[in-house]
Amino acid sequence: MSLLSTLKRLLTRPERARDRPRVAYPSPRAAVLAFLHDPQWGARLVEQGEERIVFEYDGVIGEWLDDPTGDWLHLRFRDPFTEAQRSNELAMYEGWAAHCAQHTLFRWDIDEQTQEYYGDAFALFHEQYNQLECIWGAFNSAKLLREGSNRIAMGRSFDLFFGDRDAGNSVAGSLWRWFDSPAAPKGTRHLKGTYREEWFETGSAVCSVMQEQWAYYARVAYTNGDFQPYMSGSEEQQLRLYRLHLGLQRWFPRLRNFVIQTDNPENSGANETSVAILVSSGTDAGPIFDRVFREFYGQVIEITEWFNFDFNPKTAPWFDHSIKKPQRRDQRQSPVRGIPDAKENR
């Protein structure tokens, strides 16, 4: 390659994340304060405490919440109920499911006291190349709660790494490569794929990895239709299932577990158990993928074991338990649990 060609390539290629210094702080709280005090962001402090900071960026109000372990950046965004959701419990849960399906970076829950949905975004903090970019990304996604479209992120370049090797230009694409590599949990096998979604066999279950609207996060999901026939039942039956799924979600701090509602009756009423993985550009993504997925998969196993053993004819006589395969109790790894109910565990 000639000197002129080399110079042209260097001058015209887009700047990559690792062309810039790493942006890292000793704690998530320190990163949030740096974001607030850096004039390039134009953020505004609303309220500050030791374990909670409320601030505004680009017209969006968000909260930083302290993670006791110090491992996770935890940001929360709130969306008030509509009048219909305030006055009707089923509409309230349907709104919760809609938030889960539409705003997929966040783990959505319900605050009946304040009459709001709240969505939590998480990023494994210390492994990020640019920790402030994770804050920016969460606010960027939350902007869709107020606006029909959001193109803030469309022009930004994005690149991830596995060590010093290029991993891809999106979290989803990098995850596809990770799942299809020796770094993935033993026994993982690629099954099929499309332009935006890839499926992998992981043990006895199949997960999908989905390309989301922006490059900085992806969603790993398991879906099943075990409860689907009951979602077409009475309002009382639907409410019982919504409370059940939200109750299951509340067992785990970062897991998403909700009812899928669509216009297609063939898949409406199924449930998704998933996790969103948020990563900043320039990051060595392998350690993040490994920790987040292994933690998530352990929780999926725990829910599966609960379904096979604790969710039984005695505790749930309304369910057809003949669909289950026989299980060996001596192989169970998780503790015995009861039947969760979001109404009793607000």
Side-chain angles (χ1 to χ4, degrees), residues 79 81-82 84-104 106-113 115-120 205-208 219 221-276 296 299-325 327 334 336-346:
D79 197 27
F81 291 174
T82 64
Q85 291 158 355
R86 284 193 291 268
S87 59
N88 182 277
E89 186 178 12
L90 183 59
M92 179 189 74
Y93 280 105
E94 289 172 343
W96 166 68
H99 276 70
C100 294
Q102 295 169 16
H103 304 283
T104 52
F106 306 103
R107 175 192 184 271
W108 288 99
D109 207 319
I110 296 171
D111 188 333
E112 292 189 54
Q113 184 174 355
Q115 300 281 280
E116 294 173 312
Y117 303 106
Y118 59 93
D120 292 332
V206 173
C207 74
S208 69
R219 178 169 40 125
Y222 293 87
T223 57
N224 76 76
D226 293 330
F227 296 97
Q228 191 171 358
Y230 304 93
M231 281 304 298
S232 59
S234 66
E235 180 173 326
E236 181 183 357
Q237 181 76 299
Q238 293 178 56
L239 284 171
R240 172 163 50 192
L241 289 170
Y242 276 122
R243 294 170 189 148
L244 174 71
H245 288 301
L246 181 53
L248 286 170
Q249 176 181 279
R250 287 176 177 171
W251 284 353
F252 309 102
R254 287 170 290 278
L255 180 120
R256 294 159 33 92
N257 189 73
F258 66 98
V259 179
I260 302 170
Q261 294 290 22
T262 71
D263 295 331
N264 183 355
E266 290 188 6
N267 54 31
S268 189
N271 80 282
E272 174 181 307
T273 304
S274 58
V275 68
F296 170 58
Q299 294 165 353
V300 171
I301 289 175
E302 187 164 345
I303 290 176
T304 302
E305 292 183 342
W306 165 84
F307 176 74
N308 287 328
F309 296 110
D310 305 330
F311 184 79
N312 54 50
K314 183 178 179 180
T315 58
W318 51 270
F319 187 84
D320 179 11
H321 297 272
S322 67
I323 66 169
K324 300 179 186 178
K325 297 178 181 179
Q327 303 289 321
S334 58
V336 175
R337 291 184 181 263
I339 303 298
D341 187 335
K343 192 170 184 178
E344 298 174 359
N345 182 27
R346 290 187 170 94

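When the options Q238, E235, R243 are evaluated for a side chain to side chain contact (heavy atoms under 4.5 Å, CB included) with E89, the one that passes is R243. Exactly one of T304, L248, T223, L255 qualifies for a side chain to side chain contact (heavy atoms under 4.5 Å, CB included) with T273. That residue is L255. When the options N308, T315, D310 are evaluated for a side chain to side chain donor-acceptor pair (under 3.5 Å) with N312, the one that passes is T315.
The side-chain hydrogen bond (donor to acceptor under 3.5 Å, both in side chains) test applied to E116 returns R78, T114, not counting sequence neighbours.
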Steps toward side chain to side chain contact (heavy atoms under 4.5 Å, CB included) verdict (Y230, D320)
CA-CA 10 Å; Y230 304 93; D320 179 11; 3.5 Å; yes

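For F296 and F252, the ring centers sit 6.0 Å or farther from each other. Ring-centre distance between F106 and Y117: not below the 6.0 Å cut-off.
Atom-to-atom distance recorded for R219:CZ and R256:CZ is 5.5 Å, nearest 0.5 angstrom. Here CD of Q299 is found 7.0 Å from CZ of R254. Values are rounded to the nearest 0.5 Å. Interatomic distance, CD1 of I260 versus CG of N271, reported as 7.0 Å (0.5 Å rounding).
Remark: the backbone N or O of A84 is paired with a side-chain donor or acceptor of S87 at under 3.5 angstrom. Checked by atom type and distance alone, the side chain of Q249 pairs as donor or acceptor with a backbone atom of W108 at under 3.5 Å. Side chain of R250 to backbone of A342: a donor-acceptor contact under 3.5 angstrom is found.
The nearest pair of heavy atoms linking F227 to L244 is CE2-CD2, 3.7 Å. When all heavy atoms are compared, the tightest approach of W306 to P340 is CZ2-CD, 3.7 Å.
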